[in-house]
A.B. asks: 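Structure below; questions to follow.
Values below: every heavy atom of this structure, side chains too, minus hydrogens, waters and symmetry copies.
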Amino acid sequence: MLFGECTITFQDVAYQLGLPVDGRYVSGCLTDFHETFGECPEGADEETVRRFARAYIMMLLGTQLFADKSGNRIHIRWLPFVARLEEMGGYSWGSAALAWLYRCMCRVANRHVVKLAGPLQLLQSWIFWRFPGFRPAGYDAFSWPLASRWSGYNLGISKKGPRVQMARLRIDLLQARDFIWMPYSTPDVLQVVHPEVLEPRHMMLWWCVTSLIYFAVVEWHQVDRVLPQFSGVQPPPHPALNIDFLMSMDERGGDRWLPSHLQHWHLHWETRADHVLRFDVVDDPGPSHEFLAWWHQHGKRFLSRELYLGDPRGIPIPVEGTQRGAGRVPDMDRVDDVPDRRRVERRARVGTRRSQRDWRWLDQAMEEGDEAGRDGGRRRGGRGRRRGAAPR
């Protein structure tokens, strides 16, 4: 691939799912569910309609936006959110869904994890909109939200192994023209977009570098690494934020009030308007020459083996990269890393050689034990252990 880094951002959530990204953070048996709330009866009163609406919203939250691997259960934590339907629009459901998708994609990177959870319809639609070569045929018409364009698409699971190898090879052979940096700027898309999505209070958050919060899940919205998705030129980025310690956290291990336990990251979200990037908008967005040189040196350019590629991988930097200029890293506040150092701390407490602790007390205790054993054998009348014999 020659176009550098790309990721799913607030902008994609707003266009693909039509979810609000501004508001408060979200912190805090399916068969029977369908049988009870499968269809609202005709002529039902307002309270019954509201009860069925709450049930439908809980199903969407538990099985679509925040789906897990259970597949047939909905968590009761959604009950306080659907209790007051008038206040549901005040929560940032888009940022919570994006945080959950980031966390699920990080988990599935582990080779021992075989299934991917989260809002997969967002991930699939993002791929189809930005990679035209991966789009299925026959889905040219679209409406709002944009992810509904692929609602009838269902890929079979036959021949999984060869399909994965072919997909990796197609990704390795992609060129810069095979990726669309700004698929939402065409007139056809702007005609079907809801006007509220294009309001300045929502569009401003697309450019902010802030935390994404979904209960105990905290992720980082690092749009400074994908400026071409917002009509900018991508310079060499800052080092990625280390949040390994946050990656190891979940909702187990005691009853904790998360806004207080994760106060530092909740404060970042509350002050998100202060972390909006400022950069130059150009007509030809893309990575700069310096970024491509940095990415070729530090990034993993190919997924397939050399056997499938069949070339020396000597692809030069395209001419367009040298014509865009160097670019400039936007000014932003640097956040401290939170690496996961629990293993190192455990080793220090146990007393390994790396901790530089004094082991003389252990040697003295072993010598005293050996002397006590030899004296006890001689006192029993000459039937003690012979010198040099191994103890039992």
Side-chain angles (χ1 to χ4, degrees), residues 1-19 59-61 63-69 71 94 97-98 100-102 104-109 113-194 197 226 228-230 285-286 300-305 308-310:
M1 296 187 298
L2 294 178
F3 47 83
E5 297 183 358
C6 54
T7 187
I8 305 176
T9 63
F10 280 153
Q11 182 188 42
D12 300 293
V13 177
Y15 278 101
Q16 299 291 347
L17 301 181
L19 295 176
M59 184 187 66
L60 290 180
L61 295 176
T63 63
Q64 298 297 322
L65 294 181
F66 308 102
D68 53 19
K69 297 182 181 180
L98 190 58
W100 181 233
L101 179 60
Y102 281 179
C104 293
M105 294 178 66
C106 290
R107 289 176 177 175
V108 81
V113 179
V114 296
K115 292 184 179 180
L116 176 62
L120 302 183
Q121 69 276 13
L122 170 61
L123 178 60
Q124 175 182 264
S125 185
W126 181 86
I127 295 173
F128 289 163
W129 275 93
R130 295 189 179 273
F131 294 88
F134 288 88
R135 294 177 183 175
Y139 293 89
D140 299 331
F142 57 88
S143 59
W144 179 257
L146 300 182
S148 62
R149 177 179 181 177
W150 328 101
S151 58
Y153 177 71
N154 185 15
L155 181 63
I157 59 175
S158 61
K159 300 180 180 179
K160 178 179 178 181
R163 191 174 71 241
V164 172
Q165 296 177 0
M166 291 301 300
R168 290 175 178 174
L169 182 59
R170 292 177 61 183
I171 293 176
D172 291 335
L173 299 179
L174 286 174
Q175 300 296 322
R177 60 180 181 275
D178 299 327
F179 181 79
I180 302 178
W181 285 110
M182 301 181 62
Y184 312 129
S185 60
T186 61
D188 297 340
V189 175
L190 295 177
Q191 290 179 359
V192 300
V193 172
H194 196 280
V197 175
V226 290
Q229 295 183 200
F230 306 95
K300 183 178 180 180
R301 297 176 55 192
F302 299 95
L303 302 175
S304 304
R305 302 176 181 177
Y308 299 107
L309 290 174

A.B. asks: Where do Pro145 and Ser148 come nearest, in terms of heavy atoms and distance?
C.D. replies: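 For Pro145 and Ser148, the tightest heavy-atom pair comes out as O-OG, 2.6 Å.
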
A.B. asks: Working to the nearest 0.5 Å, report the span between CD1 of Ile127 and CG of Leu122.
C.D. replies: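 It is 10.0 Å, given to the nearest 0.5 Å.
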
A.B. asks: Ala117: what forms a side-chain contact (heavy atoms from CB on, under 4.5 Å) with it, not counting sequence neighbours?
C.D. replies: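 side-chain contact (heavy atoms from CB on, under 4.5 Å) list for Ala117, sorted by chain: Lys69, Cys104.
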
A.B. asks: For Pro132, check side-chain contact (heavy atoms from CB on, under 4.5 Å) against everything at least two apart and list the hits.
C.D. replies: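 With sequence neighbours excluded, Pro132 shows a side-chain contact (heavy atoms from CB on, under 4.5 Å) to Arg135, Ile180, given in chain and number order.
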
A.B. asks: Just checking Phe128 against Tyr139, ring centres under 6.0 Å apart?
C.D. replies: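 Centroid separation for Phe128 and Tyr139: 6.0 Å or greater.
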
A.B. asks: What heavy-atom pair brings Gly94 and Val13 nearest, and what distance separates the two atoms?
C.D. replies: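 Heavy atoms only, the tightest pair is CA-CG1, 3.5 Å.
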
A.B. asks: Quick one: CZ on Phe66 to CG on Leu60, what's the gap to the nearest 0.5 Å?
C.D. replies: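 Result: 11.0 Å between the selected atoms.
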
A.B. asks: So how far is it from Leu123 CG to Ile8 CD1, rounded to the nearest 0.5 Å?
C.D. replies: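 Answer for the CG-CD1 pair, Leu123 versus Ile8, is 5.0 Å.
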
A.B. asks: Locate the shortest heavy-atom distance separating Gln11 from Arg130; write the atom from each residue and the value.
C.D. replies: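 Reported closest heavy-atom pair: OE1-NH2, 4.0 Å.
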
A.B. asks: Nearest 0.5 Å, what's the CZ-CD1 distance between Phe131 and Ile171?
C.D. replies: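 Interatomic distance, Phe131 CZ to Ile171 CD1, rounded to 0.5 Å: 7.0 Å.
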
A.B. asks: Measure across Asp178 and Leu173 and return the closest heavy-atom pair with its distance rounded to 0.1 Å.
C.D. replies: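 Minimum heavy-atom contact is OD2-O, 4.4 Å.
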
A.B. asks: So Val192 and Phe142, side chain to side chain contact (heavy atoms under 4.5 Å, CB included) or not? Walk me through it.
C.D. replies: CA-CA 8 Å; Val192 300; Phe142 57 88; 3.9 Å; yes

A.B. asks: Name all residues meeting the side-chain contact (heavy atoms from CB on, under 4.5 Å) criterion together with Val193; count only those two or more places apart in sequence or in a different chain, and write none if there are none.
C.D. replies: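 Testing Val193 for side-chain contact (heavy atoms from CB on, under 4.5 Å), a comparison that skips the adjacent residues, returns Tyr15, Trp144, Val189, Val197, Leu198.
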
A.B. asks: Considering non-hydrogen atoms only, spot the tightest contact between Tyr153 and Pro136 and give its length.
C.D. replies: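 It is CE1-CB, 3.4 Å.
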
A.B. asks: Does Arg149 have any side chain to side chain donor-acceptor pair (under 3.5 Å) partners at least two apart in sequence or in another chain, and if so, which?
C.D. replies: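 Partners of Arg149 by the side chain to side chain donor-acceptor pair (under 3.5 Å) criterion come out as none, since no residue qualifies.
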
A.B. asks: Might you point out which heavy atoms bring Leu65 and Pro119 nearest each other, and give the distance in Å?
C.D. replies: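 Between these two residues, the closest heavy atoms are O-CD, 3.3 Å.
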
A.B. asks: What residues, two or more places apart in sequence or in another chain, satisfy side-chain contact (heavy atoms from CB on, under 4.5 Å) together with Arg107?
C.D. replies: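 By the side-chain contact (heavy atoms from CB on, under 4.5 Å) rule, Arg107 matches Trp100, Arg103.
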
A.B. asks: When rounded to the nearest 0.5 angstrom, what distance separates CH2 in Trp150 from CH2 in Trp129?
C.D. replies: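 Rounded to the nearest 0.5 Å, the CH2-CH2 separation comes out at 6.5 Å.
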
A.B. asks: Which residues pass the side chain to side chain donor-acceptor pair (under 3.5 Å) test with Gln16, not counting sequence neighbours?
C.D. replies: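 Residues passing side chain to side chain donor-acceptor pair (under 3.5 Å) with Gln16: Ser125, Tyr184.
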
A.B. asks: Ignoring hydrogens and angles, tell me if any N or O in the side chain of Gln121 forms a donor-acceptor pair with the backbone of Ala147 under 3.5 Å.
C.D. replies: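 Checked: no pair found.
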
A.B. asks: Rounded to the nearest 0.5 Å, how far does OG1 of Thr63 lie from CG of Asp68?
C.D. replies: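 That separation rounds to 10.0 Å.
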
